[in-house]
Visitor: 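Quick one: structure below, then a few questions.
Below, chain A is the first sequence line, B the second, and so on; all start at residue 1.
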Protein chains: 2
Amino acid sequence: MSVQVIPTDEAIRDVEAYMTGLGQSARQAAAAMRRASGGAKNAALLAIAARLQSRREAVAAANAEDMSRGRASGLDAALLDRLELTPARIDAMIEGLHHVAALPDPVGEIDGLRFRPSGIQVGQMRVPLGVIGIIYESRPNVTVEAASLCLKSGNAAILRGGSESRGSNAAIAGCIRDGLSDAGLPEAAVQVVATTDRTAVGKLITMPEYVDVIIPRGGKSLIERISREARVPVIKHLDGVCHVYVDATADLDKAIAIAVNAKTHRYGTCNTMETLLLDAPVAEVLLPRLAVAYAEHGVELRGCERTRLILPEATVAGEADWGAEYLAPILAVRVVDGIEAAIEHIERYGSHHTDAIVTNDYGLSRRFMAEVDSSSVMVNASTRFADGVEYGLGAEIGISTDKLHARGPVGLEGLTTRKYVVLGDGQIRQ
Amino acid sequence: MSVQVIPTDEAIRDVEAYMTGLGQSARQAAAAMRRASGGAKNAALLAIAARLQSRREAVAAANAEDMSRGRASGLDAALLDRLELTPARIDAMIEGLHHVAALPDPVGEIDGLRFRPSGIQVGQMRVPLGVIGIIYESRPNVTVEAASLCLKSGNAAILRGGSESRGSNAAIAGCIRDGLSDAGLPEAAVQVVATTDRTAVGKLITMPEYVDVIIPRGGKSLIERISREARVPVIKHLDGVCHVYVDATADLDKAIAIAVNAKTHRYGTCNTMETLLLDAPVAEVLLPRLAVAYAEHGVELRGCERTRLILPEATVAGEADWGAEYLAPILAVRVVDGIEAAIEHIERYGSHHTDAIVTNDYGLSRRFMAEVDSSSVMVNASTRFADGVEYGLGAEIGISTDKLHARGPVGLEGLTTRKYVVLGDGQIRQ
């Protein structure tokens with residue numbers, strides 16, 4: 001076991017025992033959190049916000065140390081940007097806590113309570129999952145985001161942030177701990193792993209007795225490693241290879257607006273379009289207009305042969321371009337013959353994340369919705385809408401590319417489950 | 001690789017390649033099944049029923065061979081009983097198909113379609129999971145049950161039955177295949193694994209590219225092995241250590257009726273009560289009456305010290321009795337001081353399956369419902385009601401002791417998931 005020589009790790013020699021301890025405390029705290037009223041949970045969220053506000057200098061100072069350590073160790077500019085807690089980002093964390101406090105409490109809601117012929121009433125009650133482990137990388141504001149959503153949904157959380165942000169996370173963890181205590185909730189309801197030893201993650205994802213679900217937030221390799229090694233269910237988010245298919249009946253202005261927005265609104269997000277599919281009859285009219293619009297944004301087009309007949313300046317799309325998640329100003333373009341070919345392409349090369357059709361044909365809109373097997377299927381809207389807040393979930397812990405439990409944007413409901421409740425009057429089974 | 005020398009296995013020398021082939025065919029069939037109308041699926045269910053009816057002699061003959069092979073190899077009476085397809089059981093399979101055909105189609109239902117401030121409408125559409133692998137033991141009627149539920153919910157299925165029932169399963173598989181074909185659905189929508197080689201299971205549970213979920217139905221060791229080795233989500237069903245807690249305010253006649261029914265209605269089921277908890281003030285009145293009732297059923301009582309003060313004839317319950325899943329006419333009995341102690345006992349020793357309170361106290365009923373973290377929580381009803389048909393799910397593929405995705409009895413909905421659908425009119429993200 002390699003214990004790195006950094007302050008927070010010094011006291012933790014036996015990582016296995018340390019993680020087991022966190023697990024046991026979390027399991028106990030989860031029982032108290034399950035019973036906590038919405039009022040107590042909201043009070044804790046607001047108390048954490050107050051602690052963050054009153055200690056914002058200390059949090060900023062801890063972050064400044066992380067930043068200088070990061071610079072010294074040669075972190076690249078993008079990572080440093082994600083690591084930084086500017087005053088605006090601290091404000092956003094505080095605002096986020098107020099926002100989550102204002103959301104309705106998902107816990108305890110009973111659905112579909114109905115009488116059965118036997119005389120019992122059966123329904124389903126929404127309840128917390130229990131203990132949620134969240135593993136994330138450099139952004140320290142995730143510590144507050146994740147904690148607030150777990151707390152609001154009545155769960156206990158064990159948070160494992162990136163080693164670059166350990167100082168910031170420790171400062172934030174202090175605010176969370178004290179805020180929980182201010183509100184009379186157990187401090188162990190949110191625990192931040194205080195060691196950067198990598199074996200801590202291995203232990204966290206293999207304690208089904210203490211952890212009910214793992215949510216990794218980070219790069220593909222992190223998520224793949226966790227999915228492979230976990231002995232606990234994982235809500236995972238892999239690729240977003242999203243498509244827009246423009247059908248021959250589409251309103252061309254809307255098609256262009258959607259195709260441009262889906263690609264250029266942000267390049268690095270999972271709901272960004274990566275491949276544009278054009279129905280053959282509209283390709284000739286649309287492609288030149290799209291080429292102009294994309295050129296303004298500096299988007300490189302990689303086209304199939306039929307695309308390049310119309311747009312010779314496009315580079316050649318190879319087999320690897322279909323299925324590529326560029327996360328960059330590059331777009332693969334393919335001309336297809338009708339919806340059948342479009343759906344076939346999406347099924348073959350897509351990642352079942354988010355796919356849209358632009359059409360004015362009623363039948364095709366229904367067919368696309370029913371047949372495309374993706375977590376979000378859209379008609380006449382930009383793929384960029386695939387987002388918990390845009391969908392009205394209030395907040396988002398991530399987007400699931402899994403099929404079971406939660407599919408697509410995951411909000412508070414995704415952090416809960418439903419148990420059956422049965423109300424009787426002495427009924428016995430005959 | 002050990003290929004056993006039995007007819008169906010002879011042709012299958014490369015089990016890995018064979019299973020991969022089943023997976024590929026299932027994945028293709030799943031795409032067709034996703035699009036199949038409710039009418040086509042129902043037609044297939046009825047066609048399978050018709051095939052079973054017209055070939056019932058052949059199915060019975062195949063089963064008779066399995067039975068004699070089973071007797072020769074020394075299967076015990078219980079296993080032989082489960083293996084046998086009596087005329088009544090064949091009737092029940094046929095009836096079951098008609099019953100499932102009559103259930104509403106879960107696929108395509110859209111929930112909560114609402115306008116968002118951006119102008120898009122967002123809702124969730126119920127869709128099939130894709131390919132479901134079901135691994136079960138000796139009962140050949142599970143082949144029809146599992147196939148019918150997967151089919152109705154628009155999934156493709158790969159079924160792996162016990163080696164004892166291979167002849168019966170092959171005969172039933174023929175009926176299913178021909179019934180699917182009669183209705184114009186792909187034959188590969190339901191595939192029965194034709195090899196009894198054990199490596200087939202190992203392959204089936206590690207093909208995430210072809211299989212979306214595994215449902216094991218069988219003994220605990222089978223389920224534990226599959227959960228440990230699977231690289232695909234598993235909907236699993238482990239122990240049922242169910243409790244009934246009788247509070248001091250309970251109606252005593254109802255308490256006795258429920259306590260007797262929950263224990264004696266059937267001994268071998270997972271929703272059978274295994275431990276009875278009695279609030280101290282009622283123990284003295286209840287225990288002697290219960291002792292008489294249980295004696296009539298030949299139920300052995302194992303009591304805590306306080307139980308034995310009232311009922312000296314009860315045997316001594318040791319630590320292992322709390323938490324035991326007897327599946328037999330044995331009952332652990334403990335006297336506790338109030339709901340706090342009862343819930344504590346249930347949390348510590350229970351399996352989070354089904355737990356009931358008998359009470360006439362409004363506050364305690366609410367508390368028990370909210371605080372007991374089990375897949376079914378009941379007030380004044382027998383734990384034996386924890387069942388898909390009793391709950392109104394129409395049918396049941398099993399009872400999940402997991403928290404994610406499906407918790408408690410799993411019906412057709414548990415074999416589906418929900419994707420987001422977004423309807424717009426050209427909206428782009430600002």
Visitor: Considering only heavy atoms, which portion of A/Thr354 lies under 4.5 Å from any heavy atom of chain B: side chain, backbone, both, or neither?
Guide: neither
Visitor: Thinking salt bridges, do B/Asp373 and A/Lys419 make one under a 4.0 Å N-O criterion?
Guide: no
Visitor: Just distance, no hydrogens or angles: give the donor-acceptor pairs under 3.5 Å from side chains in residues 376-386 of chain A, sequence neighbours left out.
Guide:
| residue | atom | partner | partner atom | Å |
| --- | --- | --- | --- | --- |
| A/Ser376 | OG | A/Tyr391 | OH | 2.7 |
| A/Asn380 | OD1 | A/Thr359 | N | 2.9 |
| A/Asn380 | ND2 | A/Thr359 | O | 2.9 |
| A/Ser382 | OG | A/Asn261 | OD1 | 2.7 |
| A/Ser382 | OG | A/Arg384 | N | 3.2 |
| A/Thr383 | OG1 | A/Asn271 | O | 2.7 |
| A/Arg384 | NE | A/His265 | ND1 | 2.9 |
| A/Arg384 | NH1 | A/Thr269 | OG1 | 3.2 |
| A/Arg384 | NH1 | A/Asn271 | OD1 | 2.7 |
| A/Arg384 | NH2 | A/His265 | ND1 | 3.0 |

Visitor: Using the test side chain to side chain donor-acceptor pair (under 3.5 Å), find all partners of A/Asp387 that sit at least two apart in sequence or belong to another chain.
Guide: none
Visitor: What part of A/Leu393 lies closer than 4.5 angstrom to a heavy atom of chain B: side chain, backbone, both or neither?
Guide: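 Contact with chain B involves the side chain of A/Leu393 alone.
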Visitor: Checking A/Val421 against chain B: side chain, backbone, both or neither under 4.5 Å from a heavy atom?
Guide: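 Both backbone and side chain.
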Visitor: With chain B as the partner, which of A/Gly408, A/Ser365, A/Gly392 has the greatest number of non-hydrogen pairs under 4.5 Å?
Guide: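 Option with the greatest count: A/Gly392.
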Visitor: Please look at A/Leu415 and chain B and tell me whether the side chain, the backbone, both or neither of the residue comes under 4.5 angstrom of a heavy atom of that chain.
Guide: neither
Visitor: Of the backbone (N, CA, C, O) and the side chain (C-beta and beyond), which part of A/Val232 lies under 4.5 Å from a heavy atom of chain B, both, or neither?
Guide: neither
Visitor: For A/Val107, which atoms come within 4.5 Å of any heavy atom of chain B: side chain, backbone, both, or neither?
Guide: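 For A/Val107, no heavy atom lies under 4.5 Å from chain B.
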Visitor: Would you mind checking which part of A/Ile120 comes under 4.5 Å of any heavy atom in chain B, side chain (CB onward), backbone (N, CA, C, O), both or neither?
Guide: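 Answer is side chain: those atoms of A/Ile120 sit under 4.5 Å from chain B.
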Visitor: Which residue out of A/Lys254, A/Arg34, A/Arg407 racks up the most heavy-atom pairs below 4.5 Å with chain B?
Guide: A/Arg34
